[in-house]
Trainee: 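Structure provided below as structure tokens; questions to follow.
Note that the structure is a prediction, hence the values are computed from the model and not measured. Computed from heavy atoms alone, side chains included, the values below leave out hydrogens, waters and symmetry copies.
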Amino acid sequence: MPELPEVETTVRGLRPVLDGQRIAALEARRPDLRRALPADLRQRMTGSRVTAIRRRAKYGLIDTDRGDTMIFHLGMSGHWRIDPAELGAHDHLVIDTEAGRRVALNDARRFGSVDAMRTDDVEAWPAIAALGPEPLEPAFDAGALAAAVAGRRAPIKAMLMDQRIVAGLGNIYVCEALNLARISPVRVAGRISDVRLERLVAAVRSVLERAIAAGGSTLRDFKAPDGTLGLFPKDYRVYGREGQSCPCGGTVKRRVDAGRSTFYCGRCQR
DNA sequence: CCGACAACCTGACGGC
DNA sequence: TGCCGTCAGGTTGTCG
């Protein structure tokens, strides 16, 4: 999926098209993605005016003036298409505005999701309520991270991938942040010094901020809504670069943890 | 609590 | 050209 920077790029791309606009029509072209779409989604959204488009972790939130919020998750392959010339097989949800614009949620693998609930209830929704702090906000600092991993023997990579510890990171940015912080992905989380956790927090922020500034990452599926390509992959230090050189001069290695590829440098990451 | 693994689904790619 | 195996940004549940 799209990790935090890609969702942020998506939200920013949707704003010029949807923000402040009245929804003239919403069509679900299939009843489900990862799970069933809300049966009353069309009825709840049609006729409403969009009042805000927000992001929480990897979730995108579309608020309306009727007090409803549509929540989307892009899964592994989801992205929004803006004013598509024609609809394709994987355009599963289509929204038309009164101003004549159209956005389509395209998700080939259908690992994404769409939910709807009262705006006031969003924070209490279990999937959102369980999330840890936003990594770009002040609440995510070395002290908070230390408290979250205290006593945990799991490897730090697993902890950073856990959305309850910190919300929004995925495989790419965890690998990148650990490399930037010079911390081994398999280091036992609860035994990392405060100084190194401080470095890790700074690395997470740095990686995410630079990725957002670049418009996110383009891999097989992700595109920003305006069709432009994220430019961040050219800045990858380790991700997808097995056998190539780390900025430190070492060689990038790959291992598999919990079924996911981990890219790291055995020389500078300890 | 931990981690390995499978499942959910399609598409891209490399090898033969 | 085509078939087959492998891999891919995530989440959730089971099992040991």
Trainee: With no angle test and no hydrogens, is the base of dC9(B) tied to the side chain of R110(A) by a donor-acceptor pair under 3.5 Å?
Mentor: no

Trainee: Looking at K58(A), I'd like to know whether one of its side-chain N or O atoms comes within less than 4.0 Å of OP1 or OP2 on dG9(C).
Mentor: no

Trainee: To the nearest angstrom, how far is R35(A) atom CZ from dC9(B) atom C1'?
Mentor: 16 Å

Trainee: Please state whether the phosphate of dC9(B), meaning OP1 or OP2, lies under 4.0 angstrom from any side-chain nitrogen or oxygen of H90(A).
Mentor: no

Trainee: Looking only at the side chains, is there a donor atom on one of S113(A) and R34(A) sitting less than 3.5 Å from an acceptor on the other?
Mentor: no

Trainee: Taking CE from M161(A) and P from dA8(C), how many angstroms apart are they, rounded to a whole number?
Mentor: 11 Å

Trainee: Just to be sure I understand the rule, does S261(A) reach a base, reach only the sugar-phosphate, or reach nothing, if contact means heavy atoms closer than 4.0 Å?
Mentor: sugar-phosphate

Trainee: Would you write the dot-bracket representation of DNA chain C, where each base gets (, ), [, ], | or . depending on whether it forms a Watson-Crick or G-U pair under 3.5 Å and with which partner?
Mentor: .|||||||.|||||||

Trainee: Rounded to whole Å, how long is the line connecting atom CZ of R164(A) with atom P of dC1(B)?
Mentor: 9 Å

Trainee: Establish, with yes or no, whether the OP1 or OP2 oxygen of dG10(C) is under 4.0 angstrom from a side-chain nitrogen or oxygen of R109(A).
Mentor: no

Trainee: Does R210(A), at its CZ atom, have more than 12 non-hydrogen atoms belonging to other residues, nucleotides or ligands within less than 6.0 Å?
Mentor: yes

Trainee: Is any side-chain nitrogen or oxygen of H73(A) closer than 4.0 Å to OP1 or OP2 of dT11(C)?
Mentor: yes

Trainee: Could you walk me through whether R81(A) and N106(A) pass the side-chain hydrogen bond (donor to acceptor under 3.5 Å, both in side chains) check?
Mentor: CA-CA 7 Å; R81(A) 301 174 65 210; N106(A) 183 288; over 6 Å; no

Trainee: Please report the distance, rounded to the nearest Å, between CD in E8(A) and P in dG9(C).
Mentor: 21 Å

Trainee: Please report, rounded to the nearest Å, how far the P atom of dG10(C) is from the CG atom of D107(A).
Mentor: 13 Å

Trainee: Show me the protein contacts with nucleotides 4-6 of chain B, counting only N or O atoms at under 3.5 Å.
Mentor:
| residue | atom | partner | partner atom | Å |
| --- | --- | --- | --- | --- |
| dA4(B) | OP2 | A258(A) | N | 3.4 |

